[in-house]
Amino acid sequence: MQIRVKVNGVDYTHDVEPRLLLVHYLRDVLRLTGTHIGCDTSICGACTVQVDGNATKSCTLFAVQADGCEITTVEGLSTNGELHALQEGFKEMHGLQCGFCTPGILMTMDEYLKINPNPTEEEIRHGLKGHLCRCTGYQNIVKSVQYAANKLKKEEVPV
Amino acid sequence: MSTMNGMVGKSVKRVEDKRFVTGKGKYTDDIILPLQTYAYFVRSPYAHARIVNVDTGAAIDMPGVLAIYTGKDVEAINGVPCGWQVNFKNGDTMKEPKHPLLVADKVRHVGDAVAMVVAQTREQAKDAAQMVMVDYEELPVVVNAAEAVKPGAPQVHADVPNNICYDWELGNSKAEVDQAMLEAAHITSLEFVNQRMIANAIEPRSYNAFYDEANEKYTLYTSTQDPHLIRLLMSAFVLGIPEHKVRVIGPDVGGGFGSKGDHYAEEALLTWASQKVGRPIKWTAERSESFVSDAQGRDHVTKAEMGFDKEGKILALRVKTYANQGAYLGTFGPAVPTYLYGTLMQGLYTTPKINVDVTGVFTNTTVVDAYRGAGRPEATYLLERLIDLAALEMGMDPADIRFKNFVPPFDGTNQPGYQTQVALLYDSGNYEGVLRKGLSMLGYDDFRKKQQEATRNGKLLGVGFSTYIEACGLAPSAVAGALGARAGLYEMGQVRVQPTGKVTIYTGTHAHGQGHETTFAQVVADRLGIPMADIEIVHGDSDSMAFGMGTYGSRSLAVGGSAIVKSIDKVIEKGKKIAAHKLEANAGDMEFANGKFTVKGTDKSISFGDVALTAYVPHVYPADLEPGLDFTSFYDPTNFTYPFGCHIAVVEVDKETGKVELKRFIAVDDVGNIINPMIVEGQIHGGVAQGIGQALFEGAEFDSNGQLTNASYMDYCMPRADDLPMFETTNQVTPCPHNPLGAKGAGEAGTIGATPAVVNAVIDALWSGGHKVKDIRMPLTSERVWRAMQASVN
Ligand code: FES
Ligand code: FES
């Protein structure tokens, strides 16, 4: 089946098997390997990307279901070579160790901070619920998200 | 000796992070080679069954299929070896049945691999695997170690009577311990299970192998913790191909926790088949496969008794453990419940008589091997549960009883190390110190008041302590050899100074989240007086570095870092000669500091960069010196390192439901000198989360048919962000006296200390409400806690 998608701002048209998962499309066809597979059953969140702005576990979707959509992966998070506030936060606050869970968490939290720019610790922990990290114990992930939230607030120019 | 330029001890941000946060990490499954093909495994759905027939006829004709291999095809190849030998008490060697690459005769656990299909695409390989028809004849199954040794139990291996792999003991004689127990005023005894754990690194195991026919060379990309070890085991012990014709690369690895330290059959199979197929072959485990084929951890059934005098001083400890090894021996398998468990039974206490007796047992379950902490969490759990329970039973304070029994402080330099009853010589320690610090962070007196108040209000509040020690920095080769290791456990560190004074470091350790690229660079920056930006740390490629034992047992900094320091010393030594020649001085008069070689007492100096350039452009050069500035060292530690600490958990238990809420978690860890506090803290956090996971959430559940009933992330419950509080962590620093960095290792401390603290806290909470419960089987689910309360209604 033919699909047309826009990924990180670039248009693609591909013929794909109907059973091809979106995550495999991104990784194997587009070679965007920043999106990871941890469980292939929609539980770990490592494969999270944004589909039309919504954080979505890409192992849950077939590539054909994304036909016509705009997709952002972790590779599309930073702009002009500058780290996104979340990426910076994770580096500053040691929010990652092996880094395998990180791209998925970044994509979820990017959406989350747009919905809730002033999250409490508890809210961040709740927002992370769809993700598994086996390395960090989450504490520094929470701090990384707080760092990003603060940075994004400062960047907002008061009108 | 150089002076420090101040990087060591700082929370330098990690240099590796940029690639990870931008999605540019390179994990094995990210690698797609030209003409890539894919493997898929046919695995046994039964825990124990004879293979009557394997029919690949229909599968081989499926689209895209290139080859199918079954157990018969690899019968002539060795199995995957075990790296450690444990002996029976009578001196006999442990039973070591073959662990075949693919099974031909009978499967011994669910997930045992029966056939491998190679096809053009992943989907084609999977489709064809479904068409491989295997006829099984089911056999009776045994999953529990204590059951498996009973007469009449199903036999996992025909040539291993009663499924006993080894029976092993350590410490004082049983008679001595029995005698000491006779004098005890109180004996606390506990029969318990340390449940089976699954490491569950979020990156599944992944391998990609290819054969370069023109150069007759194999390359294997593997998600491993120890590339050189894999190369050695695979080339020399399994496939019998020359080691120099095999290159093993461990690229970025998404967490290991012990389970990626093993040499796995799939690694050897892919490598072997890549030559036959003539194209690269990749395999990445699906999560359901990881659950049944990754080496698992723990799984002990134990009875332990601790005898006390009436003041609460420990007189003796007696331990009997049945350790489940799974269906075959893992690479480190038999070492974990013996050398890494029995040897820790001294704990932090002066217990004068200890006997530990371990029976290693085969069952129809997945292989059991090292899981973060490996043996040491099991030992700590045993000791810390016993001592806390003893305090409750004897009406003593759990902190007091520990203070009474601690080995007094010693620094290992002015005071000698502490010789245990169980073979180890502790290097340095201040055990009271960490407990004191923990108590003050907790606000102990205040806590007990709050607890009484809670009781009055019908609430169950509890505190649990765990004061642990671990043996890390694996390991002095001679000791490891005496303990049955079939390899030395030194480490290699190479310092290659480039002509411009930039430095490339090659280490034989492997990072899979630990941040070596940062920590090691900090050490080098300080010692050479150059900026971190001028240093690159390279790891994980058997063709780039001389050798390496890899990363496990919290060894990388203590052993691998020390090897680098040795090479740095050699660089400086040679640099002094070059500098002296240039400055027309005596090498003996040179000193090196802040990146400069200076003639002592003068202002005549030359920079490190100039010396490097001179070494490679030796126009004006000492006649007796070789050009170049590049040293490789092997560091073999003289002892293990012994990190220790105190973990404290505060919980509230819901009376109605048994639900445990973890209110606070305090960790005071002494890991020796710290290079990067941020990274150490991160290691502790992650370890603590896994330790709490074992106490409250996790555990592999095999049913009596040998089916793992919770073989998915949905069913195997790992802690998520909202299950955990903010941890309160701090450090005490007692330097390691026997390595140049004074570092002890931090990778496993959290997992070792945390579990008993949490369980002790729950038990304490129950006792505060009058439920005199001795034990609840981990994980402490609401149901189990509730049932325990019901069974002990006051
Ligand atoms: S891989 Fe998609 S949620 Fe785990
Ligand atoms: S950093 Fe390793 S899984 Fe999260």
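Being a predicted model, the structure only gives us computed values, none of them experimental. Within every chain, numbering begins at 1; the chains are lettered A, B, ... in the order of the sequence lines, protein sequences first and strands thereafter.
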Contact part of [X] toward chain A, heavy-atom cut-off under 4.5 Å: side chain, backbone, both or neither?
X       : result
E123(B) : both
I679(B) : both
Q683(B) : both
R122(B) : side chain
D252(B) : neither
A511(B) : neither

Note: K143(A)-E681(B) ion pair, threshold 4.0 Å (strictly below):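 No.
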Carboxylate-amine/guanidinium proximity below 4.0 Å for R27(A) and D30(B):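 Yes.
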Spacing of [X] atom [atom1] and [Y] atom [atom2] [to the nearest 0.5 Å]:
X       : Y       : atom1 : atom2 : value
C133(A) : H685(B) : SG    : NE2   : 12.0 Å
H94(A)  : N676(B) : NE2   : CG    : 7.5 Å
D17(B)  : M93(A)  : CG    : CE    : 12.5 Å
I37(A)  : E286(B) : CD1   : CD    : 9.5 Å
I43(A)  : M714(B) : CD1   : CE    : 4.5 Å
I32(B)  : T33(A)  : CD1   : OG1   : 8.0 Å

Partners meeting ring pair (Phe, Tyr, Trp, His ring centres under 6.0 Å) with F257(B) (sequence neighbours left out):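 Partners of F257(B) under the ring pair (Phe, Tyr, Trp, His ring centres under 6.0 Å) test: none.
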Validation row: E75(A), K24(B) side chains within 4.5 angstrom (heavy atoms):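 In short, these two side chains touch, coming nearer than 4.5 Å.
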Side chains of H36(A) and E203(B) in contact at under 4.5 Å (non-hydrogen atoms):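 They are not in side-chain contact.
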On a heavy-atom basis, which atom in [X] and which in [Y] lie closest, and how many Å separate them?
X      : Y       : result
R19(A) : D127(B) : NH2-OD2, 2.8 Å
F20(B) : L96(A)  : CB-CD1, 3.4 Å
L83(A) : T22(B)  : CD2-CG2, 3.7 Å
Y27(B) : G99(A)  : OH-C, 3.1 Å
A46(A) : I202(B) : CB-CG2, 4.4 Å
G38(A) : Y713(B) : O-CE2, 3.9 Å

Intermediate values then yes/no, side-chain contact (heavy atoms from CB on, under 4.5 Å), H512(B) and Q97(A): CA-CA 8 Å; H512(B) 26 278; Q97(A) 290 181 26; over 6 Å; no
Counting heavy-atom pairs under 4.5 Å to chain B, which of [options] comes out on top?
options                          : result
T35(A), V142(A), D28(A), L77(A)  : D28(A)
H84(A), E122(A), R125(A), E17(A) : R125(A)
Q139(A), E88(A), H126(A)         : Q139(A)
L20(A), D40(A), T102(A)          : D40(A)

Among the listed options A689(B), G687(B), G686(B), the residue most often paired with chain A at heavy-atom distances under 4.5 Å: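 Option with the greatest count: G686(B).
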Interface residue of largest heavy-atom contact number with chain A, from S290(B), A199(B), G750(B), under 4.5 Å: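 Most pairs with chain A among the choices: A199(B).
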Which portion of F100(A) sits near chain B, non-hydrogen atoms under 4.5 angstrom: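 The answer is both parts of F100(A).
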Residue part contacting chain B, namely of T41(A), when any heavy atom lies under 4.5 Å: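 When you check distances to chain B, no heavy atom of T41(A) falls under 4.5 Å.
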Neighbour count >12 (heavy atoms, 6.0 Å) for atom CD, Q2(A):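 Counting neighbours around CD of Q2(A), more than 12 heavy atoms of other residues, nucleotides or ligands fall under 6.0 Å, so yes.
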NZ/K18(B): more than 12 non-hydrogen atoms of other groups inside 6.0 Å: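 No.
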Contacts with chain A made by residues 719-730 of chain B (heavy-atom distance under 4.5 Å), listed by residue number: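 Against chain A, the residues of residues 719-730 of chain B that fall inside the cut-off (heavy atoms, under 4.5 Å) are P719(B), R720(B), A721(B), D722(B), L724(B), P725(B), M726(B), F727(B).
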Any donor-acceptor pair under 3.5 Å from K91(A) side chain to R14(B) backbone: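 Yes; at least one donor-acceptor contact below 3.5 Å.
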